[in-house]
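All heavy atoms count here, side chains included; hydrogens, waters and symmetry mates do not. Just so it is clear, the structure is predicted and the values come from calculations on it, not from any experiment. All chains are named by letter (A, B, ...) in the order of the sequence lines, taking the proteins before the strands, and each is independently numbered beginning at 1.
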Amino acid sequence: MKLSPLSVPYRVAQKAGSLLFSLVILLFTGATGLVEAFGASGLLLALGGLVALGVALVGYEVAYYQRYEYELTADTFDIRSGVFSRRTREIPLARIQNVDIRRNVVQRFLDIAAVDFETAGGSETEAAIRFVSFSEAKRLQRDIGRRKRGDADDDESATDETDLLFALSDRELALVGLLSFDLRVPGLVAFLASSSVPILSSAIPSLSGLTVLAVGGLLLAAAVLLFSWVVGITVAVLNYYGFRLSQTTDELRYERGLVQRYDGSIPFEKVQTLTVEDNPLKRRFGYATLVIETAGYAPGQGGSYGSEAAVPLARVDRVLGLARDIDAFGEFDFERPPKRIRRRYVGRYLIALGVILVALYSVNYALGGSYPWYAPAIVLPLLPIAAHYKWKHRGYWLDDRHIVTRNGFWTRQTRVVPYHRIQTVIDTQTIFQRRWRVATVTVDTAGSRSLAARDAAAVDIDRDEAKRLRATLETRLQEALVARRREAARDDASGPSAGSLDVAGGDADATDTDATDAESSDSSDSSEPSPTPPESAASNGSECTDDSRHSDDSDVDSTDDPMDEDVADERSPDRGNGPDSV
Amino acid sequence: MMRLHPRVRLLWSLRAVGSALVVGLLLGVLDFFVLEQGLWIPVAGFLVVCLLGVAVAVLRYRYWRYEVRDDSLYLERGVFTRVRTVVPFVRIQHVDSSRSPVERIAGLATTVVYTAGSRGADVTIPGLSASGSDDLQERIKRLAIRAEGDDAV
């Protein structure tokens with residue numbers, strides 16, 4: 001298959017646009033020089049150069065179009081491309097995470113679209129098809145989903161009906177806008193403004209510098225707040241206009257965007273984690289945000305507005321219902337960190353406040369003013385409340401198939417991680433945590449959004465509990481994988497759809513059981529194996545593990561740990577002793 | 001539980017001395033051009049960083065433990081922040097064994113285990129003897145193959 005012929009003029013225009021700027025500068029500087037040197041013929045020379053460049057550009061793009069071929073085979077997606085250096089790339093369909101279609105206004109007018117295929121590997125999009133017709137893009141998206149499922153070939157009659165899961169109403173869109181507050185903007189503005197304050201203060205010499213600073217600061221803060229709010233609203237509306245989330249047998253589809261339309265598919269089997277997010281405002285009015293994370297790189301990762309596959313805002317029950325449609329988990333019942341940890345949070349806030357006060361005091365002192373630098377101290381009574389909420393919002397909860405963690409005093413995030421998605425389990429203890437005998441257990445997944453270090457983590461739980469949790473998670477991961485493999489094997493034995501994509505097929509069915517609750521589709525046999533994993537998990541991993549191997553391990557740990565503790569206690573005050581004692 | 005090769009202390013200490021030298025040099029330049037307080041500042045800086053670095057290196061060796069279990073790799077390390085990591089074999093993408101020039105001189109090697117995780121995606125076991133590192137790599141590789149995860153994602 002070839003690209004859309006319209007992609008040639010579009011790409012030429014795109015490239016020319018970026019070239020034009022440099023050309024204009026070149027013409028202004030270069031042409032005058034040429035005219036001076038060669039007279040009128042210099043102008044011709046310059047024009048000639050421009051034309052040659054244009055021809056070269058068009059020629060290149062035509063050649064690119066000629067060379068670019070892609071093909072959807074039974075189990076791979078092949079691309080052959082390249083004008084100067086040729087490249088052939090085959091992507092196994094089972095490895096494709098999501099397929100994203102993007103169109104801006106011009107592209108919509110020309111009826112062309114950019115298609116991106118994401119896989120879990122690498123730091124960039126695996127295949128970026130620059131411009132096929134929109135209908136072709138949709139066909140690719142549909143057929144890739146279908147072939148992954150192992151359906152033979154594409155009769156148009158084959159079921160591709162989509163159930164609408166969620167559509168953002170105008171009211172909700174307005175709310176998204178109102179509740180959006182792009183925090184990055186104030187930071188940027190504050191940074192830019194901080195350099196202009198001295199100039200302002202020198203412009204108004206009659207007042208003392210500090211007054212100008214205070215008043216100007218307040219005005220500036222208000223302006224920044226307003227500005228970032230407006231930016232937030234604009235971004236939200238641009239991003240989420242016409243948001244729709246729908247599901248097919250084994251994929252989620254979303255559409256959104258006002259100027260740039262996004263249209264993507266997420267296979268259920270590739271969903272890594274689900275995150276429910278809210279902040280005090282949203283909590284107050286009973287709204288929440290749902291983020292669906294896959295291992296593929298988020299399409300607009302470069303400064304994009306959060307994950308693309310997010311339900312921006314909906315009532316909490318709706319969000320939870322939707323999340324349970326995608327991956328069935330039970331009612332949350334969080335295990336909180338020990339209460340003593342609240343004192344630690346108060347201490348931490350106190351230190352932060354102290355640092356602020358000291359900074360303000362020294363500024364005040366340096367400027368020789370007598371301003372109430374101690375003003376921020378009025379938040380002092382609020383600190384215990386904040387600490388309490390921080391504690392209250394923390395927690396983790398294990399159900400038959402998932403670990404759920406919750407964190408955040410302001411923006412509260414509840415993350416749902418299925419056991420079979422766990423990559424590694426990391427248990428950390430900082431010096432301070434050791435003093436409080438607590439630890440943090442982090443569950444790492446192959447998700448893409450975690451660059452902001454927001455993995456699912458049970459923070460500040462008791463040390464022994466952390467050790468138990470680590471062991472439990474490890475066994476449950478193995479059990480979940482065994483259960484899934486068994487399911488896949490059973491499906492293979494029963495289903496005739498065997499092919500080279502068994503594994504993916506099995507996966508899809510396994511996750512289908514979650515989806516079938518909602519739509520009870522063709523995979524009726526898979527509703528049978530679904531009770532197995534909960535049973536096996538419940539029977540043998542109730543709290544700690546009875547498994548002999550693991551109890552061995554924890555024995556080793558428990559004998560090791562007190563020793564380490566002693567050593568640490570002895571050593572830490574006087575590290576100089578270290579070398580000779582070994 | 002396995003421990004690292006004792007010689008790794010030497011390696012880490014050397015590294016600490018290296019960074020202490022850099023600190024000393026910087027302090028020396030600062031002292032020479034700005035502070036003009038005499039030679040004791042860079043020397044003291046060098047000694048302090050050196051001592052701290054060596055102490056941390058020794059402590060780090062003391063706390064470093066790893067174990068190849070039946071179905072996972074378990075690591076325990078950290079002087080200030082104690083970190084325990086469990087890497088199930090099903091999740092391993094590939095295993096590297098690397099030897100930097102300094103490590104080659106010391107006769108040591110490092111094994112790096114990669115997973116698809118977004119954090120701690122690569123788990124590093126430093127301070128193994130060259131043959132030990134190769135063995136470990138081979139062993140983990142075999143265990144990872146045996147564990148046959150479907151996608152490791």
Geometric cation-pi criterion A:R401 and A:Y419, 6.0 Å radius, 45° cone
no
Taking side chain as C-beta onward, heavy atoms only, is A:Q429 less than 4.5 Å from B:R84?
yes
Between B:L73, B:L75, B:V83, who has the most heavy-atom pairs with chain A when the cutoff is under 4.5 Å?
B:V83
Less than 4.5 Å to any heavy atom of chain B: does that hold for the side chain of A:I431, its backbone, both, or neither?
both
Chain B contact via A:L473 - side chain, backbone, both or neither, heavy atoms under 4.5 Å:
neither
Using modelled atom types only, decide if a donor and an acceptor are shared between the side chain of A:R421 and the backbone of A:V271 within a distance under 3.5 Å.
yes
Please answer whether the main-chain N or O of A:R470 pairs with a side-chain N or O of A:D427 as donor and acceptor at a distance below 3.5 Å.
no
